[in-house]
Amino acid sequence: MNKLIVIDGNSIANRAFYALPLLSNAQGQHTNAVYGFTTMLMKLIEEEKPTHFLVAFDAGKVTFRHKDYKEYKGGRAKTPPELSEQFPMIKQLLEAFAIQQFELEGYEADDIVGTITKMADEQQFPVLVVTGDKDMLQLASQHVTIALTRKGISEMEKYDPEAIKEKYGLTPQQIVDLKGLMGDSSDNIPGIPGVGEKTGLKLLHEYGTVEEVLAHADDLKGKMKEKVKEHAESARMSKELATIFREVPLDFGWESLKYEGYEAASLAEMFTRLEFKSLLEKMNLSTARGEIKEEEVSLITIGPGQLGQLGEILPRIQSIHVEVTGENPHQGAILGIGLAGEDACYFISIDTLKQEAAQPLVKWLEDEAKEKVIYDAHKAQLALHWQGIELRGIRFDVLLAGYLLDPTKNDQTLSGMTDQYGVPAIQSDEHVFGKGAKFKVPEIEVLSEHLCRKALAVHRLQPVMQKHLNELQMDELFYDLELPLSSVLASMELRGVKVDVQELKDFGEELQKKLDEVISHIYELAGTEFNLNSPKQLGEILFDKLGLPVIKKTKTGYSTDAEVLEKLEPYHEIISHILYYRTISKLQSTYVEGLLKEVHTDTGKIHTYYRQTIAATGRLSSQFPNLQNIPIRLEEGRKIRKVFKPSEEGWRILAADYSQIELRILAHISKDEKLIEAFREDRDIHTKTAMDVFGVSAEQVDSEMRRRAKAVNFGIVYGISDYGLSQNLNITRKEAAAFIEQYFAVFQGVRAFMDDIVKQAKKDGYVSTLLHRRRYLPEINASNFNQRSFAERTAMNTPIQGTAADVIKLAMVQLYNRMQKEKVQSRMLLQVHDELVLEVPPNEMDLMERMVRETMENALELAVPLKVEVSSGKDWYEAK
DNA sequence: TTGCTCACG
DNA sequence: ACGTACGTGAGCAAC
């Protein structure tokens with residue numbers, strides 16, 4: 001049975017674009033409309049099984065309709081660039097699907113569809129028209145069904161003449177009459193003002209056509225009569241404009257529209273380029289493509305019987321993959337190791353690796369001179385260490401490379417990278433292991449093949465990624481900074497921080513007493529017991545029961561955050577107790593109970609896991625537990641720091657932090673004379689800012705002025721906006737704008753930097769740090785104000801925050817090397833963005849104070865000095 | 001899994 | 001007119 005699908009290409013692309021969030025690929029091209037178009041095509045092919053297929057597009061800016069009515073489609077917002085840039089991709093996509101497409105200068109897609117359906121009617125050929133445009137209903141007939149997209153694009157509603165009758169009480173032909181009366185604001189078709197769908201339908205049910213309505217205008221009543229008479233000509237013209245032209249000169253017949261299905265390989269290639277990973281998997285093309293490209297590779301399992309052959313195998317190995325389960329590599333088990341060279345790959349289980357006869361492999365893993373390429377060296381190093389093996393000789397890490405090439409890429413998995421960098425695909429871990437609760441170690445045959453292929457994929461990715469790094473001038477950043485840093489981090493984490501468990505428990509008991517007291521007091525004041533941890537229940541108590549004013553709402557209900565509660569304090573005694581409860585219960589659950597859970601049973605220490613490939617700016621993050629957010633601002637919380645001790649008797653904790661590193665970096669990259677001068681003279685930067693902005697002397701700067709200047713400085717670093725500053729300072733937006741203007745009048749270099757960096761981001765699509773770290777900002781040219789503004793602030797902030805991250809990372813690598821060279825006993829323990837924490841034996845205190853300060857201050861030469869404050873104490877609390 | 005809240009730089 | 005300050009991770013409630 002024949003069936004032709006005709007798609008109104010422009011209409012569907014538009015629908016898809018507005019229905020889906022702005023996705024984009026590694027090149028910063030937006031792909032949401034392409035994605036929506038693709039899913040729709042796949043669904044149609046699967047469900048409708050067409051024998052013939054055509055996609056029609058508009059062509060040319062001026063159609064014949066403009067000749068009759070110049071304002072046609074006037075006033076319509078221009079197609080946003082984010083959409084228009086996607087049309088070439090949609091056309092390529094159709095080629096990959098082997099679907100015919102057609103456009104003709106001077107005609108719209110509607111007219112082409114109209115002509116085809118007319119042919120279909122004449123020759124009784126069944127057609128399904130797919131569009132988002134209701135006007136197309138006029139084309140419905142015995143042979144032609146119209147599918148209209150509903151909310152989003154995934155759902156469709158099909159209309160044949162009966163369905164139209166049922167819904168509107170009209171024939172398909174009357175759809176144009178309806179539009180003649182109603183008009184259409186999106187096409188700037190006027191119709192009769194005041195006539196909408198309801199009135200239009202009423203008139204047509206009575207009179208049938210526009211012409212008849214006009215002829216009987218005198219029968220109408222009141223205002224309607226005047227309107228119809230006055231706009232009769234408009235109605236006639238509107239009807240004409242809404243009528244789809246069905247005589248487009250087409251020079252093809254059914255034969256050329258035949259649809260024979262697509263070739264998986266070319267579609268896979270297209271999806272790979274577009275980074276439609278989920279679609280690749282859905283169509284099972286990932287494997288299809290793998291089979292095509294994964295040439296003769298021998299998959300060999302090294303069992304206990306093959307260990308004797310390690311001597312011949314090892315010289316051929318260039319890449320490895322260590323499969324670690326679980327999120328925390330300090331606790332993770334190793335499932336096995338894949339090893340690969342140019343023409344072969346191997347698998348060895350962790351049990352086999354532990355046998356005596358596997359020692360040559362262990363020696364090889366530990367040999368600095370045996371160079372290895374790997375995915376996630378850091379994690380492998382940690383997991384292997386807990387198995388008694390010290391991984392050395394890492395020369396390339398594809399995870400780290402992927403992060404530098406695009407730190408905001410959400411898919412950092414190995415299978416994601418193979419797709420993205422165009423090397424033979426492998427199965428996703430999710431496919432092999434399942435995810436979350438469904439995680440399961442597969443049978444050994446599946447596991448061994450997967451790990452083999454992963455090692456091989458690492459090997460294949462290395463030259464491609466190396467080339468990309470080189471092209472982006474990231475060689476130094478990669479080889480001299482991030483790669484060595486990964487080992488430094490591993491050594492810090494493995495050393496761990498000593499925690500006094502008893503002291504922490506005692507602190508927890510004190511907190512519990514306070515909690516019990518405040519909870520019962522709150523219940524008393526509320527007149528009922530409820531779950532204090534539930535914002536929902538708390539909101540009901542405060543705003544429904546007690547009737548306190550609602551300051552702010554969240555999308556699910558009342559907001560009860562600290563900012564709101566502080567404003568409510570004067571209204572009710574209960575509020576201050578709730579604030580107190582929040583503070584103490586946070587300490588108890590996150591910092592007492594949370595930390596206790598993370599103390600390692602063997603070492604009595606906390607071993608955090610620094611993530612090097614998470615933060616978009618280049619910063620580190622810390623997990624299991626997060627040691628970068630231990631309380632300090634409030635005294636009650638700060639006491640937590642007392643339990644972090646040196647691991648040896650008599651040693652001390654040494655903390656060194658950069659003073660104002662971000663503003664110093666801003667001074668350097670903006671070359672602002674005033675800011676540079678301020679730092680060269682080592683001024684208190686907030687006071688100096690207050691003096692310059694408010695035009696007063698140092699003595700005249702009071703605490704309020706300094707506070708405001710400090711907020712402005714923060715705002716500058718975050719990518720200033722008057723709204724944000726006004727929120728922070730609790731002032732009006734106008735006042736905030738005035739502050740910013742005054743600031744920029746003084747610090748003109750900063751203003752120029754902010755303007756330039758945004759301009760550059762708009763031109764290049766990315767911003768960079770001093771060490772060439774890069775962050776893409778695909779939304780910098782978005783038409784959506786919010787998205788664009790966010791990207792603009794990010795453009796201002798990332799070079800600053802990112803360069804600060806570069807600097808402290810440099811300092812860490814340099815300091816680690818010096819400490820190795822000097823063979824000190826001291827150890828680096830923690831990094832908290834602008835601070836390093838070490839443990840130091842008494843006899844090394846002077847040496848280390850000097851070494852740390854000297855290294856950090858000279859990590860990178862800038863136009864202003866870097867200043868470091870060093871302090872020490874018997875615990876982290878005292879080292880302030 | 002998502003949303004809210006809150007700890008840090 | 002539009003409405004968020006930049007970057008993170010963790011605990012808890014509620015779906």
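Quick note on labels: first sequence line is chain A, next is B, and so on, each numbered from 1. Both backbone and side-chain heavy atoms feed into the values below; hydrogens, waters and symmetry mates do not.
For the pair A:I808 CD1 and B:dC8 C1', the interatomic distance rounds to 14 Å; values are reported in whole Å. Look at CZ on A:R611: it is 19 Å from C1' on B:dG9, rounded to the nearest Å. Rounding to whole angstrom units, CD of residue A:E566 and C1' of B:dC6 are separated by 12 Å. Atom pair A:L830:CG and B:dG9:P shows a separation of 13 Å (rounding to whole Å applied). Atom CG of A:L532 is separated from atom P of B:dC6 by 12 Å (rounded to the nearest Å).
Across C:dG3 and B:dC6, the matching C1' atoms stand 23 Å from one another, rounded to whole Å.
Among the heavy atoms of the strands lying under 4.0 Å from A:N786 are primed sugar atoms or P, OP1, OP2 only; no base atom is included. A:F790 comes within contact range of the sugar-phosphate backbone alone, with a heavy-atom separation under 4.0 Å but no base atom that close. Among the heavy atoms of the strands lying under 4.0 Å from A:G594 are primed sugar atoms or P, OP1, OP2 only; no base atom is included. A:T590 comes within 4.0 angstrom of the backbone, heavy atoms only, and of no base. Residue-level contact check: A:N531 touches the backbone only, with heavy atoms under 4.0 Å from sugar-phosphate atoms and none from bases. Within the nucleic acid shown, A:E835 has no heavy atom closer than 4.0 Å to any nucleic acid atom.
Within residues 619-635 of chain A, the residues approached by DNA chain B to less than 4.0 Å at the level of any non-hydrogen atom are A:R619, A:Q628, A:N629, A:I630, A:P631, A:I632, A:R633, in residue-number order. Non-hydrogen atoms lying under 4.0 Å from DNA chain B are contributed by A:T554, A:K555, A:T556, A:S559, A:T560, A:D561, A:A562, all within residues 554-565 of chain A. Within residues 704-714 of chain A, the residues having any heavy atom under 4.0 Å from DNA chain C are, by residue number, A:A711.
Bracketed by its first and final contacts, the part of DNA chain C lying under 4.0 Å from non-hydrogen atoms of chain A reaches from C:dC2 to C:dC15 in 5' to 3' order.
Judged as a side chain to side chain donor-acceptor pair (under 3.5 Å), and not counting sequence neighbours, the contacts of A:E503 are A:K645. In terms of the salt bridge (Lys or Arg N to Asp or Glu O under 4.0 Å) criterion, A:E835 has no residue partners (sequence neighbours excluded). Applying the side chain to side chain donor-acceptor pair (under 3.5 Å) criterion to A:K688, with sequence neighbours excluded, gives A:D692. Scanning for side chain to side chain donor-acceptor pair (under 3.5 Å) contacts around A:H330 gives A:W386, with sequence neighbours left out. Qualifying side-chain contact (heavy atoms from CB on, under 4.5 Å) partners for A:Q588, counting only residues two or more places apart in sequence or in other chains: A:L511, A:Q512, A:L515, A:V592, A:E593.
The closest donor-acceptor contact from the side chain of A:D411 to the backbone of A:T413 lies under 3.5 Å.
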Handout entry: side chain to side chain donor-acceptor pair (under 3.5 Å) evaluation trace for A:S534 with A:N531
Key = CA-CA 6 Å; A:S534 161; A:N531 188 344; 5.7 Å; no
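Pairs of residues two or more places apart, or lying in two chains, that qualify as side chain to side chain donor-acceptor pair (under 3.5 Å) and include a residue from residues 720-736 of chain A are A:T732-A:E735.
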Handout entry: Which nucleotides of DNA chain C pair, in dot-bracket form (Watson-Crick or G-U under 3.5 Å, | meaning another strand)
Key = .....|||||||||.
Identify each donor-acceptor pair in which a side-chain atom of residues 574-581 of chain A lies under 3.5 Å from a protein atom, sequence neighbours left out, and give them as a table.
{"unit_1": "A:S576", "atom_1": "OG", "unit_2": "A:E573", "atom_2": "O", "d": "3.3"}
{"unit_1": "A:Y581", "atom_1": "OH", "unit_2": "A:N533", "atom_2": "OD1", "d": "2.9"}

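With salt bridges taken as basic N to acidic carboxylate O contacts below 4.0 Å, one links A:R707 and A:E704.
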